Each structure stands twice: as structure tokens, then as C-alpha cells.
**Q** 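Structure in C-alpha cells, see below.
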Amino acid sequence: MAYPFQAIESRWQRFWEEHQTFRTPTRPAGPKCYVLDMFPYPSGAGLHVGHPEGYTATDILCRYLRMKGISVLHPMGWDAFGLPAERYAMQTNIHPRITTEKNIETFRRQIRMLGLSYDWSREVNTTDPGYYRWTQWIFLKMYGSWYDPREDRARPIESLVDELEKLGSAGIPGADPLTAPEWSSCGRKKRHDFLAKYRLAYMTEIPVNWCEALGTVLANEEVAEWTGKGYTVERRPMRQWMMRITAYAERLLRDAGGLNWPSSTLEQQRNWIGRSEGAEIDFPLDGRDEVLRVFTTCPDTIFGATFMVMAPEHPLVDLLTAPGQRAEVDEYRSRARLKSEVERGIDSDKTGVFTGGWVVNPATSEKIPVWIADYVLMGYGTGAIMAVPAHDERDYAFALKFHLPIVEVVSGGDVSRAAFTGNGTAVNSSNAGVSLDGLSTPEAKKRVVAWLKESRHGCPAVQYKLRDWLFARQRYWGEPIPIVHLEDGTMEPVPETELPLLLPDLKKFQPSGTTESPLALATEWVTVVDRKTGLLGRRETNTMPQWAGSCWYYLRYIDPENSDAFCDPDLERRWMPVDLYVGGAEHAVLHLMYARFWHKVLFDLGCVSTPEPFMKLRHQGTILGEDSRKMSKSRGNVVNPDDVVNQYGADAVRLFEMFMGPLEEMKPWSTRNVEGVWRFLNRCWRLFVDETGRPDTRIADGPADPALEREFHATVKKVGEDIEALRFNTAISQLMIFVNAVMQQEERPRRLLEPFVKLLSPFAPHLAEELWSTLGHESTITYEPWPEFDAAMLQASTVEVVVQVNGKVRSRLSVAVDAPDAELEARARADEAVRKHIDGKNVLKAIVVKNKLVNLVVQ
RNA sequence: GCCAAAGUGGCGGAAUUGGUAGACGCGCUGGACUCAAAAUCCAGUGUCCGUUGAGGACGUGAGGGUUCGAGUCCCUCCUUUGGUACCA
């Protein structure tokens, strides 16, 4: 008879809820552990079998830690703003709030059905005004801050205003010159515009990916997804909100070194930030005062720079274009504008046109032509390059196509055949001021940078691939950005006391028809009069991108009801940082980078106490369909957790998902194997309960068989160690080994079975609670102390030692533990099976490894 | 192209620092129980040769190397997955 999992599981889920078993104390008593799951977007499709994988892993760890006496914070919530609910609303006119609420209910029911030990009193929902009030509050903090490069941290914008008032801009690196009196005489608009260049949240005109049919801009990483579905995306310049994440590039890179994260994830973040060292060099325009500034990582090749290439959008293009080239240049620029960066990359065939302009190469003093081409991107470096065709593949291809000169300045390759990009020896590289000839590439770099600096042609520079974060979507279903645009062209933040700025109710959710979000149609909401200035204003109609709410949710869990602060500072210090964060690898870059960025800003402003939010990170692997292909509706290989729980129970699903293989690996679903672990649970049940459902009479109080006792201690050790290392598959295997061993016994010693139930409880909590109560206990097993193992008990009195001859196993000996080497060798030599292989031969050497093996090397 | 991770029986996967390859589970084979089946229990199960019992050879993607000894370390290559893609 199968064990009655349905009755057991519903009984204990009710018990946990009624007794608030997993309620976390506000303040941790003793050591704490914050174990966080990436919260899901509650889609209409319900839970996927991929979700329980990570959730079960963290749940097992949390249940284990509770039994070790640690205060555990383990919450769950909903990342519920987003496009799918809004698109559904466009089609059905059902308000996204209603759809979202319904989806959350499904998700909550499914997650509860798995017996996960969340503290539900801390549930958060990013679409709840009580939550997004603080998302808006943090946005205003970003808007109200600037990055001070001298202190390498964010500071309130008031500190900048203060400095400008007293000292002007002289002390601020890179600032436009402005004296204190000049600042004081500036009007409201001028001050506003000056400060806008420093704020961490700012508006600027940039080319974005606009999708007319969706009525919104798309992030670069979203473009492929939608064009794949047949939507068209065009490039157009729009005024957009941005976050100055680039100010944090160096710190995001540096601090990543101290994180216990998967190396591949750290590597991806490093690549994304894309730090490169080189130099900025100014090329004077021929016959003018202006210079064309370039960034290069190979300043040592400057003598080989035979032409220049600017991005088509470069601001100096107009100035450089000769009248005769105007038509061709304009035509090329307008064509380039329509291409997205992705499209530009796709066909790597080089295109470009000559501007008719010339600059002077400061190293060779020669006039070289300036071209525009779309392989140079405005968004990176200075938007212009010195082209060194002999030593750069892209420039080489361009030079071949347009018949531009190729001059070798680093020997080591054959530049008549291909660009040589490796290190070599500098040649053809000298002028009156400097000679690089004969220097190795690294030495030449140092020498030329020193010369550039001294001759004021350039300076060392560092560039990052990382770009500022496009922080606005033309959508309804997102956090409203709490900013008012006033009639004088300035902006005012919505006062903190007026937060949350609520999303107005709309009747229709269609795109506004302009480039604004549907919020533009809520005229009453949009139009305001600014109290401070009396000016007429219009609310910002863009909303925040979906990443916003997930940038700080881990902080809200700590103090979810607080209406005075996003989180009480004392509680924040007690619970942060997150000790373990588990979620999908698809968030390796964006979510994890954005959250780190926000956290660092909050750290700089004194709102949080740690520079990093997530100390240890692990990704759960993808679960494939039974056919080892990605699960998808079209392939018909999607497994629904509801069905599996109905058939085998939540404990079996949990156990199976952990037994499949290593947490981080991709692995296929197998219903047969679900049945396998389900059989194991049945065996556990029958260990305690006989056919009539009563406690098994073979459970005895006497002493246990010594071999079983030893196996038990080995199990306690292995299961504990494996849980801590998140190796759940091998922990379960050890539990199976122990159960198999007990099954062999006539008597079942209570003194081992009781603690065994504890070992089982993190994995199969419902069954464990039931068995615990069968054994006569009245309260939950949740906070029972985790069993201890006795290291002395692990030692058997004899061990098996392998005898090898020339590395091949020939015999096995049973010997006393720690038998001396000499004895092992003597017994090995005397062994009959071994003698067959050594008799008549010369034993050159004997290698003895205590308690393991003897290897006889013979000739 | 570049970067990262990974390739072990029929299948999912074990193997702490180089030291018994294949734990545990699935599947399969045989047996017990049963009128029969299911469930359960017991035994076996890497491949090949040999076979009455032994015993032996081979074996962790391929090929080399280091070592008394390599799934594990080094080199070259192949395959798969993930990321990235004119970033100067």
C-alpha cells in the first residue's frame, strides 16, 4: 500500500500555517542566515518545474540551518510589473492589476503546495503601492545624487550645489568652468541644466530601439526577442531617462573579486563592464583649431595610423565634411541611422565614405584622410578611431576595400597578407621627439604614452564597454517616475511626502499613438501645478523598466511593513548581506549588475551597511523535457508541477528534483525517476508503519548493530556536509544507503531511526513531520536539534587494502586500521593471488599508502 | 571568431587532496509471494575473451605526455551547452 501522501501533506501544510512555524523573528537571535530565492514574474502559465528546483534547494538548506539553531530569513515575493500583463490588457481590456492578482494567486498556491518554508508574513509585491512607493523613493535618491570622482562615491546633489556656491566648479574634475559668482547669478533653468549633467538619474537624447507596434522602446537585449516574433524595431533618437551606472564601472569590477559567485557569472560581468586600458590621442584638424580625439588600446601603433574613421553620428562630421562630399556623407548618415547596432554588426562587410576632411597625425606630422563608417560606434570611446590597418583586422579590411595605405609598424607578421595584431617589435616608428624602433610592444606602449603626455597630444585613458542604463519604458504597467516637467523646461521631483505616486486607473491600455506611454492619456493625472514654484507642470509619463522593482526587494523583506523607511537601519544591519542567493543564470548580467549598482548607491548614501548585496550566488540548472530538449509548449514536453504533485506528492517532487543531479547542471526530467524516489519515500514510511497503519512493532529500544551504527554516523556526517555544499543529490543517495541498511535488519533501533527522521526532514518535510508524530512527538520537527555524529564511531576496526602489481589490482586484503607499512607490504607479497604476478620477477619498489593500497612495481 | 563550463555503463549520475572507476537511483534479467497481475522482497547487471570453477584483457570524448599509479595534472584536437559579437 502506498503511503498516504495526500493526507499527510495537506495536514502538515495546515499545521505549519496555523502555528506560523516559519515565522522569522524580526531580530535574529544568535547567528543569522539570509537565504534568498530570485522572486518570480507571476506569468499566466503558472509555475514551471524549473522554479521548484532552486526553491527546494534553498528550502532544504534553510530547514537544516533552523535545526542547527540559526535564525533564518527566507522570504518570497512577486516581480509583477511587466509587459505580458499589459499586452493581455490591450487585447482583453482587463486591467493588468486583476490579471496580476490572479496569476499571483496561482503561483502562491503552487509554491505552498510544495511545502516550502517561507515566512509568508514578509511577502512583497513590486506592484503594491506600499512597495513601489519605496522604489520611487530610491529613484528620487538617485535623481538627488551625483558621483564625486574625488571621493569615488555618490553624494547628495546638495553637496555639489554647496561647492558651486562657495568655490565654483574649479575643483570638480571634468566640469565646465564656472566661478562661484557665475553660479550664483545663474537662473533656475541654467542651474537645473548644469546639475542635470551630474545626477545619477538624468534625461538625455539618445538613439533607442523603438517598436511602433508595441508602442515602446526596447532594451538592446529585448530587440532580438521581439524581432524574432515578427515585430520591427527602428532606431530613433528620443529623450530618455538614464542611470549613470558607468560611474560605478570600476567599483563593480573591483568588488566582484570578493564575491563567492560562479566564476562564469563573474566573468560575464567582467566582460560586460569591458575595461580596457589605452590612451586618448588628439589629432589636430588640418588648418583648424579643433582636434579629433580618439581612444586606442594600441597607442604604440600611432605611426601606422594612415586614416581616421568617425562614427556617422559623430558631432565633428559636419565640420569635417568638404562641400563636394556633403551629399554622399548625408546619404550614408541617414542610412546608418536606421540600422540598429545589432544590424550593423550582422553584416561585417565594411562600408563607409570619405568626408573630404583631413587631420594631422601628431606622430608622423602627415595629413591623413577622415572617413565615416558604421563599424565605428558612437557609444564607445570617443566615437572615432585612428585606423592602423597593418595591425587591426577591421581597419585592414576597410583599407583593402577603399585602397588606403597600409604601413607596418610592428614586425612579427606579414602585413601584405593579413593584419598582425600580436605583440612584436616596433619598426618605422620614430620622429624628432621619440623613437619606438626596436622596442617590444609593451615597452613601446609605455614610451609612446610618455611622449604623448609630454607633447600634450594625449594621455593614458581607461574605457569601459558598459554604458549608462536606459531607465524608462513607454508602458502603463510599471512604476511611475515621480518627476514633474515644468513649463520653464526644468524638472521637479515629486516630494517624498507625496509618495507613492499612484498609477492612475485607465480604461484602455492601447499605446498612446505617440511615443509616450498610455499614461499620457490620463490628462487629469498628467497635469499639475507645482506647489513650490507655482509653475504649470506635466507629469513624467514614462514608467520604470521591469528591473527596477527587483533591484532592492531583498531589502524590503527585512522590514516589509515599515511605512517610515524602506527598511529599518538597525534591522538592515542585522540581516544583510544576503548569505546565499539562488536563481537562474539568465540574470547573470543584467539583474545582478543593476541590483549591485543600486545597492552601492544606497551604500554611498548611508542607507545600507554593506557595499555588496549578495555574498554567495548559485544558479540552478535548466530542467529539460523528458526528451532532453528544452521544455516548450510547441514541443509538447512541458511538465506541469500540479500533475506530478497530484500523482506522487510534493515530497517526491522535491526529492526528485534534488536527486536528478548537481544543482547547477542542466538535466532532463524523468517521470520514471520520480517514481524511483517515490518508492524510496514509501520504504521510509514502511520503516515506521506496518500494513495496518500502526507504528511498526520491530522498532526496538535496544542497542543497534555496530555496523549499522557506523553507517548512521557516516550518514549524519555526509548529509550535513552535502547540504552545506548544496550537493543534495549525494546527500539523498546517502539517506537511501542508510534506509537500505536498516531494511536488512530484523530489529529497527529507535535510537537511530529518530535522528534519521530529522536527517530526512529538510528533504521530505511532510513525511518527516508525520513520522516524527508517529514516534510520539507532539510538536513540529522544524526546530529539533540536528543530530551530531561521533567521529570515533566512523572508524571500522579493519579496512580493505588493495594490492596492485604494476598499477593493476590483483588482490584485496582485510587488515587492521593503521597497520604499519611494513606489515602491509609483507602481507601483500605473501598473498597468493599476488604471488602469481610477482614470482620469478624482480620487485623494484613497493608503494604503500596506509589504509588504502600497496603497489608492487616488478620487472 | 572570442570567453566560460562540461563530455564517465542502456539512462540520470557517484568518485575530499592523483590511490579499489561506475556509489545511489532508473531500466533490464532471474527468483520468492500470487490462481494471475500489480505492489513488495531477494539475487544479478560496464564491455569483450574464457567458463565447471576460476581467471584474464579492455574501459571515463580522441590522441599524446608526466607518474609506481591519471576520470582527476599538462599539451593538442573533437563535440555539446551558455555568454558575447566590428567595443578600437
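In what follows, every heavy atom counts, from backbone to side chain, and hydrogens, waters and symmetry copies are set aside. Chain letters run A, B, ... following the sequence lines, proteins first, then strands; residues in each count from 1. Note that the structure is a prediction, hence the values are computed from the model and not measured.
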**Q** Base, sugar-phosphate alone, or nothing: which one does His391(A) contact when heavy atoms must sit under 4.0 Å apart?
**A** nothing
**Q** Step by step, would you call Ser276(A) with Gln463(A) a side-chain hydrogen bond (donor to acceptor under 3.5 Å, both in side chains)?
**A** CA-CA 5 Å; Ser276(A) 43; Gln463(A) 280 292 338; over 6 Å; no
**Q** Report which part of the nucleic acid Lys850(A) touches: base, sugar-phosphate, or nothing (heavy-atom distance under 4.0 Å, all strands).
**A** nothing
**Q** Quick one: which of G55(B), A88(B), C41(B) gets closest to the side chain of Lys836(A)?
**A** G55(B)
**Q** Using heavy atoms to find the nearest nucleotide of RNA chain B for Lys718(A) and Asn271(A) separately, return the residue whose nucleotide is more 5′.
**A** Asn271(A)
**Q** I want to verify a distance call: between A88(B), C24(B), A57(B), whose nearest atom is closest to the Lys808(A) side chain?
**A** A57(B)
**Q** If you look at every strand shown and take non-hydrogen atoms under 4.0 Å, does Glu626(A) touch a base, only sugar-phosphate, or nothing?
**A** nothing
**Q** Can you figure out which of G19(B), G25(B), C58(B) approaches the side chain of Val849(A) most closely?
**A** G19(B)
**Q** Would you please confirm or rule out a distance under 4.0 Å between OP1 or OP2 of G18(B) and any side-chain N or O of Lys852(A)?
**A** no
**Q** Phosphate oxygens OP1/OP2 of C41(B): is one of them under 4.0 Å from a side-chain N or O of Arg686(A)?
**A** yes
**Q** Mapping Ala833(A) and Lys465(A) onto RNA chain B by nearest heavy atom, which one lands closer to the 5' end?
**A** Ala833(A)
**Q** Mind checking if Pro262(A) touches a base, just sugar-phosphate, or nothing, with heavy atoms under 4.0 Å?
**A** nothing
**Q** When all nucleic acid strands are considered with a 4.0 Å heavy-atom cut-off, which category describes Gly676(A): base, sugar-phosphate, or nothing?
**A** sugar-phosphate
**Q** Taking atom P in both C58(B) and A70(B), compute the distance separating them and give it to the nearest angstrom.
**A** 12 Å
**Q** For Glu250(A), is there an ion pair with Arg275(A) - N to carboxylate O distance below 4.0 angstrom?
**A** yes
**Q** Check the orientation of Phe402(A) and Trp371(A). Use parallel for under 30°, tilted for 30 to 60°, and perpendicular for over 60°.
**A** tilted
**Q** Identify which nucleotide among A88(B), U84(B), G13(B) has an atom closest to any side-chain atom of Val376(A), counting heavy atoms from C-beta outward.
**A** A88(B)
**Q** Distance check: side-chain N/O of Asn729(A) vs OP1/OP2 of A14(B), anything under 4.0 Å?
**A** yes
**Q** Using a cut-off of 4.0 Å on non-hydrogen atoms, how would the nucleic acid contact of Gln804(A) be classed: base, sugar-phosphate, or nothing?
**A** base
**Q** Quick one: is His619(A) getting a side-chain N or O under 4.0 Å of the A5(B) phosphate, OP1 or OP2?
**A** no
**Q** Between Arg679(A) and G27(B), does any side-chain N or O lie under 4.0 Å from OP1 or OP2?
**A** yes
**Q** Please classify G82(B) as syn or anti, treating any glycosidic angle within 90° of 0 as syn.
**A** anti
**Q** Under 3.5 Å, is there a donor-acceptor pair between the Tyr332(A) and Thr351(A) side chains?
**A** yes
**Q** I'd like to know if Asn673(A) reaches the base of C26(B) with its side chain, counting only an N/O donor and acceptor under 3.5 Å.
**A** no
**Q** Within the 4.0 Å heavy-atom criterion, would you say Val802(A) contacts the bases, only the backbone, or no part of the nucleic acid?
**A** base
**Q** Looking at Asp818(A) and Lys850(A), does any basic side-chain N land under 4.0 Å from a carboxylate oxygen?
**A** no
**Q** Can you check whether Arg683(A) has a side-chain N or O nearer than 4.0 Å to OP1 or OP2 of A39(B)?
**A** no
**Q** Quick one: stems for RNA chain B, with Watson-Crick or G-U pairs under 3.5 Å, at least three in a row?
**A** B:1-7 with B:78-84, B:10-12 with B:24-26, B:27-32 with B:40-45, B:46-49 with B:55-58, B:61-65 with B:73-77
**Q** Name the nucleic acid region contacted by Ile847(A), choosing base, sugar-phosphate or nothing; use a 4.0 angstrom heavy-atom cut-off, strictly under.
**A** base
**Q** Under 4.0 Å between a Lys/Arg side-chain N and an Asp/Glu carboxylate O for Asp627(A) and Arg635(A)?
**A** no
**Q** State whether Lys667(A) places a side-chain N or O below 4.0 Å from either non-bridging phosphate oxygen (OP1 or OP2) of G12(B).
**A** no
**Q** Please work out if Arg270(A) contacts a base, only the sugar-phosphate, or nothing of the nucleic acid, heavy-atom cut-off 4.0 Å.
**A** nothing
**Q** I'd like to know if Glu277(A) and Lys445(A) make a salt bridge, using a cut-off of under 4.0 Å between side-chain N and carboxylate O.
**A** no
**Q** Starting the side chain at C-beta, find the nucleotide from G13(B), G27(B), A21(B) nearest to Val809(A).
**A** A21(B)
**Q** With a 4.0 Å cut-off, would you call Asp722(A) and Lys718(A) a salt bridge?
**A** yes
**Q** For G25(B), take OP1 and OP2 only and decide whether either is under 4.0 Å from a side-chain N or O of Asn740(A).
**A** yes
**Q** A14(B) phosphate, OP1 or OP2: any side-chain N/O from Gln734(A) under 4.0 angstrom?
**A** no
**Q** With a non-hydrogen cut-off below 4.0 angstrom, is Glu721(A) in contact with a base, only sugar-phosphate, or nothing?
**A** nothing
**Q** Does this structure show an ion pair linking Lys836(A) with Glu832(A), if we count only N-O contacts that are shorter than 4.0 Å?
**A** no
**Q** Using a 4.0 Å heavy-atom cut-off across all strands, classify Thr622(A) as base, sugar-phosphate, or nothing.
**A** nothing
**Q** Please classify the nucleic acid contact of Ser733(A) as base, sugar-phosphate, or nothing, using heavy-atom distances under 4.0 Å.
**A** base
**Q** Hey, does Thr297(A) reach any base, or is it just sugar-phosphate, or nothing, if we go heavy atoms under 4.0 Å?
**A** sugar-phosphate
